[in-house]
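Letters A, B, ... are given to chains in the order of the sequence lines, protein chains preceding strands, and every chain is numbered from 1.
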2 protein chains.
Amino acid sequence: MPTRVTTLKELAASLDLSITTVSRALAGHEQIALKTRERVAQAARQAGYVPNTAARTLVSGRSGFVGLVLPVRGPNLVDSFLGEFVTGLGEGLVSHGADLILATAALGHSELSVLRHVVESGRADGVVVTRIAEVDERLAYLRERGFPFVAHGRLLDSDFAYNWLDTDGAHAFGEAFDMLYDLGHRHFGLVTISEPMTFRHLRQDGLAAAIGRRGDPSVRLDVATAPRFDRGARIQAINRMLQGPDRPTAVIALFDELALTVMEEAARAGLTVPRDLSIIGFDNVVASAYAPPGLTTFDASIRQCAREIADMLLTVIAERPAAPLTRLIRPTLVPRASHGPAPQTRS
Amino acid sequence: MPTRVTTLKELAASLDLSITTVSRALAGHEQIALKTRERVAQAARQAGYVPNTAARTLVSGRSGFVGLVLPVRGPNLVDSFLGEFVTGLGEGLVSHGADLILATAALGHSELSVLRHVVESGRADGVVVTRIAEVDERLAYLRERGFPFVAHGRLLDSDFAYNWLDTDGAHAFGEAFDMLYDLGHRHFGLVTISEPMTFRHLRQDGLAAAIGRRGDPSVRLDVATAPRFDRGARIQAINRMLQGPDRPTAVIALFDELALTVMEEAARAGLTVPRDLSIIGFDNVVASAYAPPGLTTFDASIRQCAREIADMLLTVIAERPAAPLTRLIRPTLVPRASHGPAPQTRS
DNA sequence: GTGACGATTTAAAACGTTTGCAATTTTCCG
DNA sequence: CGGAAAATTGCAAACGTTTTAAATCGTCAC
């Protein structure tokens with residue numbers, strides 16, 4: 001291995017050039033003679049010179065980093081969301097030479113305070129914000145500060161313009177309804193959460209809109225709601241819905257984790273899926289393929305979305321476009337074996 | 001929101017103090033009058049002052065970052081390893097005020113080159129290295145450079161001393177064998193991969209050692225090997241092993257992903273688990289709980305391990321201990337329904 | 001009132017890079 | 001060969017912080 005050269009000064013000395021010239025040569029400035037540029041590039045390569053990030057950041061104001069504040073999560077994460085998301089971000093960033101900073105919110109510190117720290121310490125040129133809440137103080141802060149960001153998810157408040165990418169949950173839920181309706185289902189169940197997340201509303205509204213479009217008064221919709229992380233309450237709510245002869249013949253869950261619980265509880269209640277009950281989820285987590293009989297769901301291709309978010313953010317950082325960048329991704333149906341024709345009416 | 005003060009100079013001016021004094025006051029130096037320290041702290045807080053990371057890094061040589069080079073992964077990640085790992089790292093780092101840098105290797109760039117870049121650009125004070133290969137150039141590089149790191153996994157070559165944390169796969173595989181042996185199994189199958197990863201050897205050796213300890217010549221072991229990411233070859237190898245009347249009655253898989261494939265293929269071949277075939281995995285991925293009848297496996301508690309790795313690394317960075325830090329974590333058996341007594345002999 | 005000592009505070013250098021502007025060298029033309 | 005223009009290179013400041021060494025202030029004993 002060649003001797004390491006750590007600074008521009010050393011490299012310049014070894015080439016008998018000024019620091020300025022070497023810096024410019026490496027940056028590829030036209031004003032430096034081509035011959036010199038090549039000589040410098042060659043020397044830098046074989047000396048293993050790597051510019052110091054801190055110094056570069058300090059003077060240029062650009063860190064080459066994109067920040068992500070880790071969403072605070074419960075003890076058991078049952079999905080690979082985070083892994084796929086950071087993988088996708090990484091893939092999107094690397095082609096532009098950027099890297100990712102992951103900041104964690106300590107117990108007792110709000111996510112916002114961590115975000116503020118990341119932004120104001122100059123660690124990052126832009127940030128990605130996930131899991132948008134109905135009233136999201138992070139977005140308000142970022143907008144006020146004029147700091148580049150892209151959100152994964154939308155606000156309901158549409159006159160707050162900003163850059164976002166979202167999966168079209170409303171469309172997916174409409175699609176799910178239409179498919180089930182065409183299979184003869186008329187009595188539906190929706191399993192949802194009580195937290196004020198925007199995607200909840202968007203998906204529910206999509207479902208409601210699809211129901212409305214049919215204009216069929218015989219369609220019924222029961223709703224079961226439970227807090228996101230309270231498994232006990234969730235199971236209770238689901239059982240209440242599944243109980244009795246007048247239960248839905250098809251259940252749509254806000255996301256797979258809920259759908260999988262429905263499948264478990266249905267099995268426990270002696271119901272056969274999909275003969276007695278159709279179930280459709282959203283997210284396409286890995287377990288949904290393994291849980292019998294295989295959960296029909298929608299794939300949101302997190303990794304691909306994350307890659308696009310990275311691209312969008314880099315564009316925002318570089319070009320500061322006047323109009324916000326927005327992108328709505330249509331999730332694709334993954335038909336497996338948890339849905340089927342409505343059972344014969346019991347009347 | 002109060003007006004933002006961005007630099008120490010501004011803060012100093014507003015307090016009518018020198019930059020030096022303010023810097024020292026914020027750092028809590030004893031030599032600054034207590035009254036002044038309090039006054040400065042108060043002003044900094046309400047002005048929302050956040051020190052610039054780049055400037056601090058440049059002069060102090062410490063970035064407050066820990067680096068992780070994202071392992072290059074196939075298109076379909078079926079586990080939540082990465083998510084749990086970065087979550088754990090984040091949790092471990094945040095209590096010491098450190099953050100995580102995720103660097104991705106671009107197509108065509110080796111993981112080593114990315115690592116070198118992270119190290120030599122001064123972005124990070126230390127790095128975490130995962131998925132140790134039998135001959136791992138990353139470890140050789142880091143050692144030669146004397147750069148702080150902790151590896152998640154061991155080398156086989158024991159006279160290469162360094163800091164590591166590993167899950168005791170050898171012990172787990174011994175435990176699995178003992179349990180199955182006591183259930184009457186004598187004919188075993190091992191499903192493994194062909195890549196030169198150290199954990200493969202450690203687990204296989206643990207199994208072999210446990211077999212040796214029994215000293216029972218009637219014990220047989222078949223081995224099926226396939227490349228890590230070649231699903232077709234894997235299925236072929238597994239079917240070859242499961243085929244014919246003289247097949248193993250118990251299969252131990254190197255990790256859950258393989259075990260889940262064994263379960264699928266067993267079902268396809270008309271075998272009932274665990275009546276006809278016992279299966280044990282390793283990792284406790286989420287899907288293993290959902291795949292019928294429930295995979296017996298070992299939980300390596302990735303998140304907890306990652307947290308400890310973070311702690312170790314911060315210790316290494318701060319104290320540069322002479323002797324390497326090492327830590328062997330014993331995975332816990334998660335007994336589910338994929339193992340049982342050996343079937344009656346077919347002879 | 002003076003000198004000295006401890007308690008506080010400050011000036012200035014340094015970290016490694018980028019960049020505006022000036023200096024130097026080369027090239028070209030008459 | 002002289003001079004101006006063009007091409008190339010270099011000087012020095014700046015980014016915001018930490019830190020060494022030195023300056024200032026107040027206090028106290030004599």
Side-chain angles (χ1 to χ4, degrees), chain A residues 4-41 43-44 47-65 97 117-125 318, chain B residues 4-41 43-44 47-65 97 117-125 318:
Chain A
R4 280 281 119 71
V5 162
T6 55
T7 74
L8 211 47
K9 200 196 309 193
E10 285 173 40
L11 186 58
S14 82
L15 282 162
D16 206 25
L17 284 171
S18 74
I19 295 179
T20 309
T21 303
V22 176
S23 172
R24 289 210 170 102
L26 289 174
H29 283 216
E30 293 288 337
Q31 55 180 322
I32 302 295
L34 183 60
K35 209 173 55 188
T36 311
R37 292 213 294 272
E38 283 166 349
R39 194 162 67 97
V40 171
Y49 168 74
V50 177
N52 180 293
T53 306
R56 171 176 286 184
T57 300
L58 186 57
V59 63
S60 72
R62 284 278 172 88
S63 71
F65 281 117
H117 218 263
V118 168
V119 168
E120 296 176 19
S121 66
R123 285 154 152 57
D125 302 333
Chain B
R4 280 282 117 73
V5 162
T6 55
T7 75
L8 211 46
K9 201 198 305 195
E10 285 173 40
L11 186 57
S14 82
L15 283 162
D16 205 25
L17 284 171
S18 74
I19 296 178
T20 311
T21 304
V22 175
S23 173
R24 288 216 167 97
L26 288 174
H29 283 217
E30 294 287 334
Q31 56 179 321
I32 303 294
L34 183 61
K35 211 174 51 188
T36 310
R37 292 212 294 272
E38 283 167 348
R39 195 162 68 97
V40 171
Y49 169 72
V50 177
N52 179 293
T53 305
R56 173 176 285 186
T57 300
L58 185 56
V59 63
S60 74
R62 283 277 172 85
S63 71
F65 281 118
H117 218 262
V118 169
V119 167
E120 295 176 22
S121 65
R123 284 155 153 56
D125 302 332

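- Near-neighbour residues of DNA chain D inside residues 12-23 of chain B, defined by a heavy atom below 4.0 Å, number-ordered: B:Ile19, B:Thr20, B:Ser23.
- Rounded to an integer number of Å, the gap from CG of A:Leu11 to P of D:dT9 is 15 Å.
- The shortest side-chain heavy-atom distance between B:Thr7 and B:Asn52 does not fall under the 4.5 Å cut-off.
- In this structure, the side chain of B:Arg37 engages the main chain of B:His29 through a donor-acceptor pair within 3.5 Å.
- For the residue pair A:Leu58 and B:Ala54, the shortest heavy atom distance occurs at N-CB, 3.9 Å.
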Protein N or O to nucleotides 26-28 of chain C N or O, pairs below 3.5 Å:
none

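- For A:Arg123 (side chain) and A:Phe65 (main-chain N/O), no donor-acceptor pair under 3.5 Å exists by modelled atom type.
- Note: CG (B:Leu58) to C1' (C:dC15) measures 4 Å, nearest angstrom.
- Close to C:dT17, at under 4.0 Å from its OP1 or OP2, lies a side-chain N or O of A:Tyr49.
- Residue A:Ser63 comes nearest to A:Ala124 through the heavy atom pair OG-CA, 3.5 Å, listed as atom of the first residue, atom of the second, then distance.
- For the atom pair CG of B:Leu17 and CG of B:Leu8, the computed distance is 10.5 Å after rounding to the nearest 0.5 Å.
- Other residues, nucleotides and ligands contribute over 12 non-hydrogen atoms within 6.0 Å of the CD atom of B:Gln31.
- Summarising the geometry of A:Gly64 relative to A:Asp125, their closest heavy-atom pair is N-OD2, 2.8 Å, with the distance given to 0.1 Å.
- Residue B:Ile32 holds its CD1 atom at 11.5 Å from CZ of B:Arg39, rounded to the nearest 0.5 Å.
- Near DNA chain C, meaning a heavy atom under 4.0 Å away, the residues from residues 25-37 of chain B are B:Gln31, B:Ile32, B:Ala33, B:Thr36.
- Taking atom CD of residue B:Glu10 and atom C1' of nucleotide D:dT17, one finds them 14 Å apart after rounding to whole Å.
- Following rounding to the nearest Å, A:Leu8 (CG) and D:dC11 (C1') show an atom-to-atom distance of 15 Å.
- Looking at B:Ser23, its side chain never comes within 3.5 Å of a backbone N or O of B:Ile19 through a donor-acceptor pair.
- One atom, CG of B:Asn52, and another, P of D:dT18, lie 10 Å apart when rounded to the nearest Å.
- Of the two residues contacting DNA chain C, namely A:Pro51 and A:Arg24, the nearest-nucleotide position lying further toward the 5' end is that of A:Pro51.
- Contact annotation: the side chain of A:Leu26 approaches that of A:Leu11 to within less than 4.5 Å [non-hydrogen atoms, C-beta and beyond].
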